[in-house]
Structures are given as C-alpha cells and as structure tokens.
Amino acid sequence: MAAKTTWFQTTAIDYPNSRPHIGTAFEKLGADVQARYRRMEGYDVFFLMGNDENTVKVSKRAAELGLDTQAYCDDMARQFREVWDALDISYDTFVQTSSDRHKQCCRKFIQKVYDNGYIYKGNHEGWYCPDCEEFKSDKVHGENAGNCPVHKKPLQRRSEPCYLFKLSAFADRLLAHYKENPDFIQPDSRRNEIVSLIETEGLRDINISRTGEAWGLRIPFDEEFTIYVWFDALLTYITGIGYGDNEATFRKWWPADTHFIGKDITRFHCALWPAMLWAAGEEAPKKVFGHGFVNFDGDKIGKSRAEELKKKGLEYLLEPMEIIRKFSSEAFRYYFLRECPYPSDGELSPDRFIDVYNSELANNLGNMLSREMNLVWKNYSGKLDGTADKVPEAVVTGLNLAEFVATVRGHVEGCRYNLALQAIVQDFLTPTNQYLETNAPWKLVKTDKEAAKKVLFNAVQSLRIASILLKPFIPRSAEAIYTSFNFPTPWAEVKYADATELKAQSEDLRVTAVITGDKITPLFPRIG
RNA sequence: CGCGGCGUGGAGCAGUCCGGUUAGCUCGCCAGGCUCAUAACCUGGAGGUCGUAGGUUCAAAUCCUACCGCCGCAACCA
C-alpha cells in the first residue's frame, strides 16, 4: 500500500504572559478545521502548536507573580492546553520553547546558520531605556520627545555588540520565491503587502542577539548572548517534528504544508523564516496563511478594553473558557467559523452570537433533526421497513450534489470557512426544510403511509450529508446527528466523498439514537 | 505622495477579480399558511439613488479617475 500523503500544519505559538483570548482561539479554530478536514480526506496529519516562552516579558511576568519562570511557563502551558482541549482543537503536539529539547535543537540550527556564514558579529545602535532594559524604536523615540513612554526619562543613544543575521542576502530569492509560488502567501492581499514591502523598503540584516538576560536561549558559539525571540520561536515548527535529533520524522513532515498565523506576523513567516531555513540549507514551507482578527465594536479585544467590557457586563468575552461554559464549545466553534471570515477580520457580538446559534443551529439544523427523528419514531416505530437497498431520491431540486460538495470542499481548502458553512445552510439545509414543507409527511402519513415513508427516507439523507460536511466544523454535533441513524459507513471513516451521492444501504433505515420519554431532547436548545 | 482594508434596504454581511437574469442571505418588522418539530418550519410583503462626482460601455455594485468618510499595520499586539 502506498504511503499516505502527509499534511503538516502549525499555528503561531503564543506568548504565555497572559491567558489565551478570543483572537488566539480564532486562529486555533481555523487551523483545527483544516486538520480535521485533511484527516477525513485520508491525509496523515501532524498538527503542531505551542507556547513561545523564551522572552523577557514572560520572565518579568513570572517575577511579578513571585514565581519561578519555568514553573510559571509550565503552568501557563497547562492553562493554554486546557482551553484548546475544551475547544476540541485536535493538535498532535504542543511545544514549549523553554524545553530542553527545543533549546538543544535550536542551538544546532543556529550553529549551522553560523557555520554557513549567515551570522556575523556587529554593533546594534539605538535608543535605550536603562529602566526598561531594552531598546526603543525610532518611532517611540520620536513620539515621546526622546523619552521612554513608560519611565518618562530620556532615552540614551547606545551601541552594543551583537550578532546579525544576513537577511538582506535573501531579498532577491524571496521575491523570486513569491513569484514562482503564488500560493506561498495567502490570502492574496497578504502577499501583495509583503511583496511591496520588500520591493520598496528592501530587507536589512537583523540583530538576532540580546545581552544581559538570564532567561532565554544561549547562542551556541557565544554564551554571553541569548537569541532574539523570533529566531527561536519560528524554529518550533521544525524542532517539534524532530529537527536536530530525529532526522527521519523531520524528513517525513518537512516542509510544512501550511503555517496558520495572524496577519500581523506575516512578514516574519514570509521573509525571515524562509531566509533562516535557506541559510541552514532547508526548504521553505509550502504555504503561510495569514488569517484575520476578531474585533469587538470595531476594535481588537484586549486587556486594554477590560474596564469598558466590565462596565457593560461583557467581561466574559475576554475569556474563551467563559464563553464555552456559558454556551458550548460547539456554539463557540460555529459562531467564529460561520461569522468571522478566516482570511479577513470578523466581529464578536454577543447579540449576533445568539442570533446565529438560534437561527442556524437550533431552528434549522437541530430542529430538522428533531422533526425527522420524531416523525420516523412516532409513525414507524423508529424503523423504515423496506428501505434497504433502495436509493434515496434527491431532496434539493436543481442541486447537483457532486458540484455542491466540490464547492464546499473548495471553500474549506481555501479556508473560507464562513462561505462553506453558508453554503451548507443556505443551499442545502434550508431547501430540505422546504422539501419537508412541500411534501408534508406528517399529513401524508394519514392517507398514504408508504409515500410518507419515502419522503422521510429521502429527507433523512440530508442529515447524513450535512453531518459529513460539518464534521470538521462541529465534530461533536455532527457525530451526534450522524449516529442518530444507522448509516452504513462508520463515523470515523466518513469522507467528503461520501456526501457526493445518494446510495442504497443494506439495512432498513432506522433511528439508532436513544430516545427516552416521548419527547426528543433538542441537540441545540435555543438560547437567549 | 509609507502599506493595506472597508463604505450595499433598520442591524450584520455576500456579490466586485472574469461587467449582463427581477441586487442575494441572516436577523428584525408586517401579513398569511402549517402544526411533525426546539413558540420552531413554510409562503408573501414593506424597506436599498450598491460612500460622492465624473468617465468607459449597448449594459456598471462590478472596470477607470478623482474626492469624502471610517479603520488597521509600520519589523517581539493573533
């Protein structure tokens, strides 16, 4: 048997100086849908996530709390994973950059780049604040009349030895790479941004070392220095699959199929990262996808808005776990995937959240399951005798199932999740409700029980198809729907291809869901 | 002239790349139908000069130009 096609994807790794928020959750969700979809389609998937811990901010935060930095990082990693698990993010590995393994592997990479001649010693000159113990940008210097915005003291011009990475040497190769691989940066708007940035501003060599830090990763050839966080963070993507200590697994997965990242860090992933890899003699990743942000009232949701949200009684919006608890992880997933376009920005609105949930999950999908199951249950004791080996008829007239599935598939692969869900609801579920209305099996059953049975047999297929298509989006609910009937293919094995045609099954169609009492418990109870 | 995005009925969006059916969808509102279902479902209706002004064209929300307004980013904020 031929080896399965591999699919290696990552999300950005997060700073654990505060708990995960809606924005970081949004990123993981979009990546999760892709991972789940690829697994369904038979790919051998490896999904990497992690935390970016080797930064001064993290050690400062730990110090503020009076904690050992490592202990702090480990606890934050636990908290992050708790949220990702609650959201059913199906990652395969979670890298902590403070781990010894990651550091050792990084050092090998850095040494290699150094040996290849792409790292050299120089001087870094800039505006330094002794109290912050860090350099400030020219912009900050200019905007604050030469003072530190935090300490309100004059910034000092300072020059210190440092190591620089020859990023400038890769400008032409990067531009050529973008041109030859139009899909390397997605969506297109992000690519245009990077191309024009490099074409107009060019690339400068960057300082990749820091001095005087106790926390961080030592540069292998000069232990006095620690490495610039980005140079270490990006390496997670390869140390997590064995770079430096497991050549076989590294070769199996690299190059990455997609790095999912926020649009703000596109340049690091599209310019610095490929250059680093090339400098070490490795291939660039196949694709970088810069997703959009989630806003609230037009602005990003951050700590800075905590007070404002608290006044409105909406502080729970800052905490993904609270939203999950208040509603459910499936509702959380559905809202962001349906309402916020992954490639561009979206909006989080509590009212809209309830709106989307009620109209699409409760009233449409959930209610359809209830009514169909109930009709089969009450009128046919849960079993449609004689339907074995019968091919169901199409319910949605004018819809070519194969084309429809191809459309949804295209949206999923292009990360246009909102459009995929829109198509499923509008072009498939709503017409199924119309079909039921037109054929009124609840009325027909009184005059022609066989004809009504046929209508139900056909209509139930819509639940099968919809649940398959929805599997990457709302895995738990989709499974609940699918396993409510005795559809032949085991849930774990269904593929999008199974949704492309109406086929006969060897057994009579019957309800397999456990029904207690005489009322079916709603899958998505209305909220609000 | 730093880069980029947005402006479509009360609200939120799709459509714009590759101009062309009565400008589509969700919510809300009004009227009706149905009653199997989660007060759900279905049908119909009111409501839009598609930011403004020009231009190209037989035809423009869609292409071109200018302008107005809003918003992000600018090298450790997803």
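Letters go in sequence order (proteins before strands), and every chain restarts at 1.
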**Request:** Please check the phosphate of B:U38 (OP1 and OP2 only) for any side-chain N or O of A:K519 closer than 4.0 Å.
**Result:** yes
**Check: B:C76 base within 3.5 Å donor-acceptor of A:Y15 side chain** = yes
**Complete:** Of A:W278, A:F170, A:F109, the one forming a ring pair (Phe, Tyr, Trp, His ring centres under 6.0 Å) with A:Y118 is A:F170
**Request:** Using atom CG of A:L463 as one end and atom C1' of B:C36 as the other, report the distance to the nearest whole Å.
**Result:** 14 Å
**Asked** A:F524 has a side chain; which of B:C36, B:A78, B:U38 sits nearest to it?
**Response** B:U38
**Request:** Would you mind pulling out the nucleotide paired to B:C67, Watson-Crick or G-U wobble, both distances under 3.5 Å?
**Result:** B:G51
**Message:** Taking the six-membered ring of A:F293 as reference, does the cationic atom of A:K263 (NZ for Lys, CZ for Arg) lie under 6.0 Å from its centre and within 45° of its axis?
**Reply:** yes
**Request:** Determine which nucleotide pairs with B:C34, using a 3.5 Å limit on both distances of a Watson-Crick or G-U wobble pair.
**Result:** none
**Prompt:** When we call it a touch if two heavy atoms are under 4.0 Å apart, what does A:A12 touch: a base, just sugar-phosphate, or nothing?
**Reply:** nothing
**Prompt:** Across the strands shown, which category fits A:I265 at heavy-atom distances under 4.0 angstrom: base, sugar-phosphate, nothing?
**Reply:** sugar-phosphate
**Message:** Starting the side chain at C-beta, find the nucleotide from B:U35, B:C76, B:U38 nearest to A:W230.
**Reply:** B:C76
**Asked** Nearest to the side chain of A:D264, which nucleotide is it out of B:U38, B:C77, B:C34?
**Response** B:C77
**Request:** Measure the CD-CD distance between A:E53 and A:Q96 for me, rounded to the nearest 0.5 Å.
**Result:** 4.5 Å
**Request:** Please tell me which of A:Q434 and A:R190 maps to the more 5' nucleotide of RNA chain B, matching each residue to the nucleotide holding its nearest heavy atom.
**Result:** A:R190
**Request:** Give one of base, sugar-phosphate or nothing for A:R191, where a contact means two heavy atoms less than 4.0 Å apart.
**Result:** nothing
**Request:** Among the candidates B:C41, B:G12, B:C76, find the nucleotide nearest to the side-chain atoms of A:E339.
**Result:** B:G12
**Any A:I22 side-chain heavy atom under 4.5 Å of A:I323 side chain** = yes
**Asked** How is A:K443 classified with respect to the nucleic acid when contacts are heavy atoms under 4.0 Å: base, sugar-phosphate, or nothing?
**Response** sugar-phosphate
**Asked** Of the candidate nucleotides B:A78, B:U38, B:C36, which contains the atom at the shortest distance from the side chain of A:V294?
**Response** B:A78
**Request:** Write down the partner of B:G28 under the Watson-Crick or G-U wobble criteria, each distance required to be under 3.5 Å.
**Result:** none
**Distance below 4.0 Å between A:K57 side-chain N/O and B:C77 OP1 or OP2** = yes
**Item:** Any donor-acceptor N/O pair, A:Y342 side chain to A:E27 backbone, under 3.5 Å
**Value:** yes
**Request:** May I ask you to decide if the ring planes of A:F332 and A:F336 are parallel, tilted or perpendicular, using 30° and 60° as cut-offs?
**Result:** tilted
**Complete:** Separation between OG (A:S462) and CE (A:M368), nearest 0.5 Å, reads 6.5 Å
**Message:** Any base atoms under 4.0 Å from A:E372, or only sugar-phosphate, or nothing? Heavy atoms, all strands.
**Reply:** nothing
**Prompt:** From the list B:C76, B:A74, B:A78, which nucleotide is the closest neighbour of the side chain of A:F268?
**Reply:** B:C76
**Asked** Would A:K449 count as a cation-pi partner of A:W442, with NZ or CZ less than 6.0 Å from the six-membered ring centre and within 45° of the ring normal?
**Response** no
**Message:** Which label fits A:Y417 and A:F473: parallel for a plane angle under 30°, tilted from 30 to 60°, or perpendicular past 60°?
**Reply:** perpendicular
**Message:** Classify A:N433 by what it touches in the nucleic acid, base, sugar-phosphate, or nothing, heavy-atom distance under 4.0 Å.
**Reply:** sugar-phosphate
**Counterpart base for B:A39, defined by Watson-Crick or G-U wobble contacts under 3.5 Å** = none
**Nucleotide forming a Watson-Crick or wobble pair with B:A46, both distances under 3.5 Å** = none
**Asked** Which whole number of Å gives the distance between the C1' atom of B:C34 and that of B:G44?
**Response** 14 Å
**Item:** For B:A14, the Watson-Crick or wobble partner whose two distances fall under 3.5 Å
**Value:** none
**Message:** I'd like to compare against my own output: the B/S/- annotation of nucleotides 25-31 of chain B with a strict under-4.0 Å heavy-atom distance to protein.
**Reply:** SBS----
